[in-house]
**Q** 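Dropping the structure in here first, questions after.
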Amino acid sequence: MTILSQLWVDRLRFFHTFIKTPHLVGSVAPSSRYLTRAMMSKIPFSSASTIVELGAGTGVFTKALAQLAHPGSQVIIFEQDEPLRKSLQARFPQFQIESDALELLRVLEQNKLGRNQVDVIVSGLPFACFSQDLRDALMEQVTGALKPGGVFVAFQYSWQMKRQFSEWFAEMSLEFVPINLPPAFVYTCRTESADSKSSCFVQDPHLCANID
């Protein structure tokens, strides 16, 4: 399948999923290359040995992770929608594909990783569409999985999650990405580190320049 064909297949599959379960998707179109670059530029790929993606959808960020993740790093992908998940399994056999983000800690335990062992979590989950109870449950999984100083990178379509992310993480920054449908905000959050001077916020546009 050509790149153009795959693009249209992904867009149609994404739109179909939005029509079927809009509360789980939160958008009518996959993320743009500009949003993907902004998200990937926050990840310290050279030092990240374990990366998790939540809400992979059609695999826009997953494809970038496949291009940029350090050889030998472990990547675990979560996607709840079954047709999307099967597509991800076919396209990215090198990654472990799972279904329920609320089972993140259990999946890590099965992989002999346990709590506080993940370097980076990338999220495409539409937190604004979720109940507060579900948000809290997901953030308990996320913060329980991340290492001290670990990075959580998520995009949303508003500032709605700013306060809650600030409560859950030691540091948080925001970047606005206007060229996306709809325009998006990238939240980059870091858990508290034993070294208060360290920072996992990474800006490496050159690394991500070739993302399509």
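Computed from a predicted structure; not experimentally measured.
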**Q** Looking at CZ of Phe155 and OG of Ser123, how far apart are the two atoms once the value is rounded to the nearest 0.5 Å?
**A**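 Phe155 atom CZ to Ser123 atom OG measures 8.0 Å (nearest 0.5 Å).
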**Q** Kindly write out the residues that satisfy salt bridge (Lys or Arg N to Asp or Glu O under 4.0 Å) with Glu140, not counting sequence neighbours, or none if the list is empty.
**A**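 For Glu140 there are no salt bridge (Lys or Arg N to Asp or Glu O under 4.0 Å) partners, ignoring immediate neighbours.
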**Q** May I ask you to test the Met40-Leu65 pair for a side-chain heavy-atom distance under 4.5 Å?
**A**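 Met40 reaches Leu65 side chain to side chain.
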**Q** For the atom pair CD1 (Ile179) and CG (Leu35), what is the distance rounded to the nearest 0.5 Å?
**A**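 Ile179 atom CD1 to Leu35 atom CG measures 11.0 Å (nearest 0.5 Å).
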**Q** Could you state the interatomic distance from CG (Leu88) to CD (Glu79), rounded to the nearest 0.5 Å?
**A**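 Rounded to the nearest 0.5 Å, the CG-CD separation comes to 6.5 Å.
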**Q** Between Ser73 and Ala69, is there a donor-acceptor pair closer than 3.5 Å when you use the side chain of the first and the backbone of the second?
**A**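 Side chain of Ser73 to backbone of Ala69: no pair is present.
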**Q** Do Val153 and Val186 touch side chain to side chain, with heavy atoms closer than 4.5 Å?
**A**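 Val153 vs Val186: side chains touch.
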**Q** Can you tell whether the side chains of Glu175 and Lys42 come within less than 4.0 Å, N to carboxylate O?
**A**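 Judged by the 4.0 Å cut-off on N to carboxylate O distance, Glu175 and Lys42 do form a salt bridge.
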**Q** For the atom pair CZ (Phe92) and CD1 (Ile97), what is the distance rounded to the nearest 0.5 Å?
**A**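 The CD1 atom of Ile97 is 8.0 Å from CZ of Phe92, to the nearest 0.5 Å.
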**Q** Which heavy atom in Leu84 sits nearest to a heavy atom in Gly57, and how many Å separate them?
**A**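 Heavy atoms of Leu84 and Gly57 come nearest at CB-O, 3.7 Å.
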**Q** Does the pair Asp136 and Gln164 meet the rule for a side-chain contact (heavy atoms from CB on, under 4.5 Å), with working shown?
**A** CA-CA 9 Å; Asp136 289 340; Gln164 186 166 4; 2.9 Å; yes
**Q** Hey, are the side chains of Asp119 and Ser49 touching, using non-hydrogen atoms and a 4.5 Å cut-off?
**A**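 Result yes, sub-4.5 Å side-chain heavy-atom pair found.
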**Q** I'd like to know if the side chain of Arg190 and the backbone of Gly149 have a donor-acceptor N/O pair within less than 3.5 Å.
**A**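 Not confirmed, Arg190 side chain does not pair with Gly149 backbone.
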**Q** Could you work out, with side chain to side chain contact (heavy atoms under 4.5 Å, CB included) as the rule, every residue matching Ala170, not counting sequence neighbours?
**A**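 Side chain to side chain contact (heavy atoms under 4.5 Å, CB included) list for Ala170, sorted by chain: Glu192.
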**Q** Charged N to carboxylate O under 4.0 angstrom, Arg106 versus Glu109?
**A**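 No, Arg106 and Glu109 are not salt-bridged.
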**Q** Determine whether the aromatic ring centres of residues Phe165 and Phe127 are separated by less than 6.0 angstrom.
**A**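 Ring centroids of Phe127 and Phe165 are less than 6.0 Å from each other.
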**Q** Between Asn111 and Gln74, is the side chain to side chain donor-acceptor pair (under 3.5 Å) condition met? List the steps.
**A** CA-CA 10 Å; Asn111 282 270; Gln74 183 171 11; 3.2 Å; yes
**Q** Compare every heavy atom of Tyr157 with every heavy atom of Pro183, then report the nearest pair and how far apart it is.
**A**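 So the minimum-distance heavy-atom pair works out to O-CD2, 3.4 Å.
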**Q** Please identify each residue that fulfils side chain to side chain contact (heavy atoms under 4.5 Å, CB included) with Gln117, with sequence neighbours left out.
**A**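 Result, side chain to side chain contact (heavy atoms under 4.5 Å, CB included) vs Gln117: Leu113.
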**Q** Lys162: what forms a salt bridge (Lys or Arg N to Asp or Glu O under 4.0 Å) with it, not counting sequence neighbours?
**A**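 Result, salt bridge (Lys or Arg N to Asp or Glu O under 4.0 Å) vs Lys162: none returned.
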**Q** If you measure from CG on Leu102 to CD on Gln141, what distance do you get to the nearest 0.5 Å?
**A**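 Leu102 CG to Gln141 CD: 6.0 Å, rounded to 0.5 Å.
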**Q** Mind running side-chain contact (heavy atoms from CB on, under 4.5 Å) on Val52 and Val120 for me, showing each step along the way?
**A** CA-CA 6 Å; Val52 170; Val120 177; over 6 Å; no
**Q** Does any non-hydrogen side-chain atom of Leu146 lie less than 4.5 Å from one of Phe152?
**A**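 Yes. Closest side-chain heavy atoms under 4.5 Å.
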**Q** Check whether any side-chain heavy atom of Val118 sits under 4.5 Å from a side-chain heavy atom of Ile51, and report yes or no.
**A**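 Sidechains of Ile51 and Val118: no contact.
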**Q** Taking side chain as C-beta onward, heavy atoms only, is Leu108 less than 4.5 Å from Ile76?
**A**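 Yes, at least one pair of side-chain atoms sits under 4.5 Å.
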**Q** Ring pair (Phe, Tyr, Trp, His ring centres under 6.0 Å) with Tyr34: which residues, sequence neighbours excluded?
**A**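 Per chain and number, Tyr34 pairs via ring pair (Phe, Tyr, Trp, His ring centres under 6.0 Å) with no residue.
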**Q** So, for Met161 and Tyr187, which heavy atoms are closest and what is the spacing to 0.1 Å?
**A**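 Nearest heavy atoms, Met161 then Tyr187: N-OH, 3.6 Å.
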**Q** Output the distance between atom CG (Asn180) and atom CZ (Phe185), rounded to the nearest 0.5 Å.
**A**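 So the CG of Asn180 and the CZ of Phe185 are separated by 11.5 Å.
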**Q** Begin from the C-alpha positions of Ser166 and Met172 and carry the test side-chain contact (heavy atoms from CB on, under 4.5 Å) through to its verdict.
**A** CA-CA 6 Å; Ser166 296; Met172 186 196 72; 3.5 Å; yes
**Q** Could you work out, with side chain to side chain contact (heavy atoms under 4.5 Å, CB included) as the rule, every residue matching Arg115, not counting sequence neighbours?
**A**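 Expected list: Leu105.
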**Q** Is any side-chain heavy atom of Thr191 less than 4.5 Å from a side-chain heavy atom of Phe169?
**A**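 Of all side-chain heavy-atom pairs linking Phe169 with Thr191, at least one is under 4.5 Å.
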**Q** Go through the steps to decide whether Ile121 and Leu54 satisfy the test side-chain contact (heavy atoms from CB on, under 4.5 Å), and finish with yes or no.
**A** CA-CA 7 Å; Ile121 296 179; Leu54 306 179; 3.8 Å; yes
**Q** Heavy atoms, side chains only, cut-off 4.5 Å: are Phe176 and Trp159 in contact?
**A**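 Counting from C-beta outward, Phe176 and Trp159 never come under 4.5 Å.
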**Q** Please report the shortest heavy-atom distance between Gln156 and Ala128, naming the atom on each side.
**A**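 For Gln156 versus Ala128, the nearest heavy atoms are OE1-N, 3.4 Å.
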